[in-house]
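Some notes on the structure that comes next.
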There are 2 protein chains.
Amino acid sequence: MARLREFDYEQVLDGALGLFWRDGYEATSLDGMLGEVGLSKSSFYGAFGSKHDMLLAALDRYIETVLQANIEDLRRGSPRAAIVRHFDKILGFQPVSKTCFLQVCAVELAAHDQLVRMRVRRGVELLEEAFRDAIARGQAAGEFAADGDARAFATFLVANGYGLQMLGRANLAAHSRKKTLSIILKALE
Amino acid sequence: MARLREFDYEQVLDGALGLFWRDGYEATSLDGMLGEVGLSKSSFYGAFGSKHDMLLAALDRYIETVLQANIEDLRRGSPRAAIVRHFDKILGFQPVSKTCFLQVCAVELAAHDQLVRMRVRRGVELLEEAFRDAIARGQAAGEFAADGDARAFATFLVANGYGLQMLGRANLAAHSRKKTLSIILKALE
DNA sequence: TAGATTTCGGACTAACTGGTCCATAAAAAT
DNA sequence: ATTTTTATGGACCAGTTAGTCCGAAATCTA
């Protein structure tokens with residue numbers, strides 16, 4: 001075989017994800033990113049192909065790490081408590097909310113980039129399915145209206161999560177955002 | 001006095017708004033935009049100052065035209081019908097949803113740009129106030145729960161609107177999104 | 001008509017963009 | 001030890017970026 005790569009692929013990918021997440025895709029310069037993670041251009045192009053390819057890889061990685069962790073957290077404890085936990089996380093982002101990376105990609109790129117759009121949709125659908133499962137379990141346990149459409153409830157919860165993240169970015173008064181949680185929960189009853 | 005300007009300031013501003021709206025701020029090149037609207041660089045810098053200044057002007061213009069029109073539409077007819085109209089608009093965006101310009105700016109720029117953030121917040125607050133008025137009128141007319149917090153209901157509606165726009169960008173199944181409207185309306189009763 | 005003032009077209013700039021290339025280094029296989 | 005294969009550093013590239021500058025044109029006032 002041949003020379004071994006000296007850098008940690010996943011570590012570099014996580015670093016790139018962090019920058020894309022914080023600054024967006026266009027505002028993240030390749031040179032700047034390579035400087036921060038300490039990688040040469042030839043190594044980068046050898047391992048990742050292009051800036052755009054790396055974004056797709058970062059998006060996949062986000063889904064299989066950060067998003068999956070959120071999804072698994074939705075499975076823990078009582079469904080209602082898990083949903084409250086999920087929203088408390090969103091409502092606690094400080095001070096100008098860091099939004100889900102899926103939202104960053106959806107708003108900046110999805111309209112013009114089919115490969116990004118497909119991944120964002122898949123991520124959103126995974127989250128929606130997790131909510132649907134939680135709702136179904138909650139319905140069986142009598143926590144939520146048994147005659148409600150679990151899928152529709154799930155979409156409703158996903159939409160509220162992203163909407164509240166947007167309001168966080170806009171810096172809308174936190175006390176105002178927090179009061180919506182009880183409305184959301186009541187809608188499930 | 002002196003030579004008159006040959007271009008229409010607001011027409012150029014609307015053109016720029018359209019591009020920022022469609023492609024985002026970073027992805028919109030100044031040269032490209034000036035080519036499209038047919039303006040020379042010196043005229044541009046004389047009238048608008050910088051790309052960033054123009055974005056702020058475009059954001060202000062969005063609020064006082066597009067957003068105000070939406071707000072005024074919320075005042076027409078029965079509050080409940082106006083709210084349904086508002087969400088039908090969002091749910092009808094095709095095919096990969098064009099989202100509110102406030103959301104584009106919030107997600108791409110608000111975290112790092114205070115001037116943008118202030119404007120986005122102001123726009124969101126205007127929308128929220130319009131919803132609050134509609135809710136209050138609806139409560140007086142017996143359309144909505146009279147004991148509900150009108151401000152919280154309004155924030156809830158704004159969040160749902162932006163959340164559904166995000167799901168539209170992600171291309172989440174339209175039938176799934178549409179089913180949330182009845183949940184939203186029921187939450188107000 | 002002369003002067004003052006502003007706009008216009010477009011040449012120009014310096015910095016930066018993502019991406020290519022190549023000589024060298026390092027590891028494994030023979 | 002030589003060959004094969006891949007990784008690395010960094011020089012290099014053409015195109016683009018936002019922004020500056022200046023001579024010429026156009027309009028108003030006197």
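Here is the naming used below: chain letters follow the sequence lines, and residue numbers restart at 1 for every chain.
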### Query
By side-chain hydrogen bond (donor to acceptor under 3.5 Å, both in side chains), which residues pair with A/Glu143, not counting sequence neighbours?
A/Ser78
### Query
Given atom CG of A/Leu34 and atom P of C/dT17, what is their separation to the nearest angstrom?
11 Å
### Message
Once side-chain hydrogen bond (donor to acceptor under 3.5 Å, both in side chains) is applied, do any residues pair with A/Asp88, and if so which ones, sequence neighbours excluded?
### Response
none
### For A/Ser42, side-chain hydrogen bond (donor to acceptor under 3.5 Å, both in side chains) partners two or more places apart
A/Ser40
### Query
Between C/dA29 atom C1' and A/Leu4 atom CG, what is the distance in whole Å?
14 Å
### Query
Tell me, which pairs form a ring pair (Phe, Tyr, Trp, His ring centres under 6.0 Å) where one or both residues lie in residues 111-151 of chain A, sequence neighbours left out?
A/His86-A/Phe131
### Query
For the pair made of OH in B/Tyr9 and P in C/dT7, what is the distance, rounded to whole Å?
13 Å
### Summary
Numerically ordered, the residues 106-117 of chain B set in heavy-atom contact under 4.0 Å with DNA chain D is none
### Task
Please report, rounded to the nearest Å, how far the C1' atom of C/dT6 is from the CZ atom of B/Arg3.
8 Å
### Query
When we call it a touch if two heavy atoms are under 4.0 Å apart, what does A/Phe48 touch: a base, just sugar-phosphate, or nothing?
nothing
### Query
Do A/Leu102 and A/Leu126 have side-chain heavy atoms sitting under 4.5 Å apart?
no
### Message
Tell me every residue that passes side-chain contact (heavy atoms from CB on, under 4.5 Å) with B/Ser50, counting only those two or more places apart in sequence or in another chain.
### Response
B/His52, B/Asp53
### Query
Could you give the CD-to-P distance, from B/Glu6 to C/dC8, as a whole number of Å?
5 Å
### Query
Got a sec, which residues hit ring-ring contact (aromatic ring centres under 6.0 Å, His included) with B/Tyr9, two or more places apart in sequence or on another chain?
B/Phe48
### Message
Taking ring-ring contact (aromatic ring centres under 6.0 Å, His included) as the definition, give me every residue that meets it alongside A/Phe20, ordered by chain and number, with sequence neighbours left out.
### Response
A/Tyr25
#### Entry: Where protein sits on nucleotides 11-21 of chain D, one letter per nucleotide: B base, S sugar-phosphate only, - none, heavy atoms under 4.0 Å
------BBBBB
